[in-house]
Amino acid sequence: VDNPTYFFKYGGVLAKKAQNSNPFVGLTLIGRIKSNFKKTLILDPLHTGAYWALIDFYVSLPGIVGGSYDKAYELAIQLKQISTLDGYLALAYVYEYDDEPTNAKTNYLEALSLVKDSKEFERNQLNYQLGKVCSDYGLQLDTGLEYMTRYIENHSIKDGVPLEWAYYRMALLYRKKGNKKNSLLWINRALEEKKGFKRALEEKQRILALKD
């Protein structure tokens with residue numbers, strides 16, 4: 001099979017299986033996950049989804065089982081040659097994992113500055129990423145709401161980020177706008193989607209502290 005989409009999808013299926021299995025089963029799948037995403041890039045060097053999948057792979061795994069910030073940074077820089085927007089977002093993402101908040105913020109803001117208006121994206125993940133930037137830094141809140149709404153409306157399992165996180169971000173954006181009613185509405189949706197969601201429970205306390 002010489003179809004990059006096949007290898008990308010198969011890598012995604014294996015990654016999902018690893019997440020939902022016990023740690024031992026997950027460990028046995030690591031090599032196959034990585035090789036499928038790498039094979040995708042050999043067959044299609046411009047496959048942004050495979051770049052993101054590998055970057056996520058390298059930052060979320062401990063070094064002892066194949067994780068590597070250096071490799072993630074390298075891939076993010078390569079991705080930037082293909083898509084400047086994806087590149088800035090990917091670099092920010094890796095910096096965030098690597099506990100480099102200043103560098104993360106710089107790259108997130110560079111990404112946000114590239115999209116002057118709320119345009120349509122081929123990959124739904126970009127809507128989440130840009131909405132997240134707006135919610136984290138309290139910037140362009142209405143634009144952030146547009147991005148996050150679009151992410152929710154177009155959401156599918158392949159987008160990676162679960163809906164409860166998008167609902168949480170909507171609540172955050174509305175809180176920063178001072179809209180207690182809508183903020184509570186969205187945080188409750190996040191908590192319905194995922195019981196005991198710690199970040200959402202903490203955010204709910206901040207929302208309840210807002211003046212009516």
Side-chain angles (χ1 to χ4, degrees), residues 48 51-53 55-56 58-60 69 72-73 75-77 79-80 83-121 123-155 159-191 193-194 196-211:
T48 52
Y51 273 103
W52 271 106
I55 288 164
D56 196 39
Y58 284 124
V59 297
S60 56
Y69 286 122
Y73 283 122
L75 283 163
I77 289 162
L79 177 56
K80 199 174 163 193
S83 163
T84 313
L85 177 60
D86 277 284
Y88 278 126
L89 287 169
L91 279 166
Y93 180 69
V94 183
Y95 277 125
E96 208 169 14
Y97 260 96
D98 202 12
D99 200 20
E100 296 271 0
T102 306
N103 286 331
K105 183 176 181 179
T106 301
N107 281 276
Y108 274 136
L109 296 184
E110 287 285 356
L112 197 58
S113 72
L114 286 177
V115 281
K116 300 295 183 195
D117 51 350
S118 175
K119 62 177 186 177
E120 298 281 343
F121 298 114
R123 291 176 54 250
N124 196 28
Q125 294 100 318
L126 290 180
N127 286 312
Y128 180 84
Q129 291 274 12
L130 289 164
K132 175 182 181 291
V133 179
C134 297
S135 73
D136 280 349
Y137 302 112
L139 297 164
Q140 300 178 33
L141 297 172
D142 289 328
T143 306
L145 287 167
E146 283 181 47
Y147 286 131
M148 205 54 73
T149 300
R150 203 177 295 144
Y151 179 77
I152 292 164
E153 286 172 352
N154 298 314
H155 184 265
D159 292 329
V161 181
L163 276 174
E164 64 265 19
W165 278 98
Y167 298 158
Y168 162 79
R169 295 280 169 202
M170 288 291 281
L172 200 56
L173 286 157
Y174 273 116
R175 174 171 66 79
K176 291 187 177 182
K177 277 175 69 71
N179 188 326
K180 185 175 183 177
K181 183 185 170 188
N182 281 351
S183 196
L184 269 176
L185 183 89
W186 284 103
I187 209 67
N188 286 333
R189 283 189 72 176
L191 289 164
E193 190 76 18
K194 185 183 181 185
F197 183 6
K198 189 168 179 283
R199 287 273 287 274
L201 288 166
E202 290 167 358
E203 177 60 20
K204 188 167 184 176
Q205 293 310 307
R206 286 189 281 272
I207 295 164
L208 290 170
L210 284 178
K211 289 191 173 72

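All heavy atoms count here, side chains included; hydrogens, waters and symmetry mates do not. Bear in mind that the values here come from a model prediction, so they are computed numbers and not experimental data.
Between Trp165 and Tyr168, the ring planes are perpendicular. Angles over 60° get that label, and only those under 30° would be called parallel. Ring geometry for Trp186 versus Tyr167: interplanar angle of 30 to 60°, hence tilted.
Looking at Tyr137, its side chain never comes within 3.5 Å of a backbone N or O of Tyr108 through a donor-acceptor pair. Asp56 places no side-chain N or O within 3.5 Å of a backbone atom of Trp52 that could act as its donor or acceptor partner.
The closest side-chain heavy-atom distance from Tyr51 to Asp86 is not below 4.5 Å. Within the 4.5 Å cutoff, the side chain of Leu109 has heavy atoms near those of the Leu139 side chain. Gln125 is not listed as a side-chain neighbour of Leu89, based on a closest heavy-atom distance of 4.5 Å or more.
Residue pairs meeting the salt bridge (charged side-chain N to carboxylate O under 4.0 Å, His left out) criterion with at least one member in residues 93-102, sequence neighbours excluded, are Glu96-Lys132.
Ionic pairing of Asp136 and Arg169 is present here: one or more N-O contacts between side-chain nitrogen and carboxylate oxygen are shorter than 4.0 angstrom. Contact check on Arg150 versus Glu153 returns no salt bridge, with no Lys/Arg side-chain nitrogen under 4.0 Å from an Asp/Glu carboxylate oxygen. The existence of a salt bridge linking Lys198 and Glu202 is confirmed by a sub-4.0 Å separation between a basic side-chain nitrogen and an acidic carboxylate oxygen.
Note: Tyr97 and Tyr93 meet the aromatic proximity criterion, with ring centroids under 6.0 Å apart.
No more than 12 heavy atoms of other residues, nucleotides or ligands sit less than 6.0 Å from atom NZ of Lys105.
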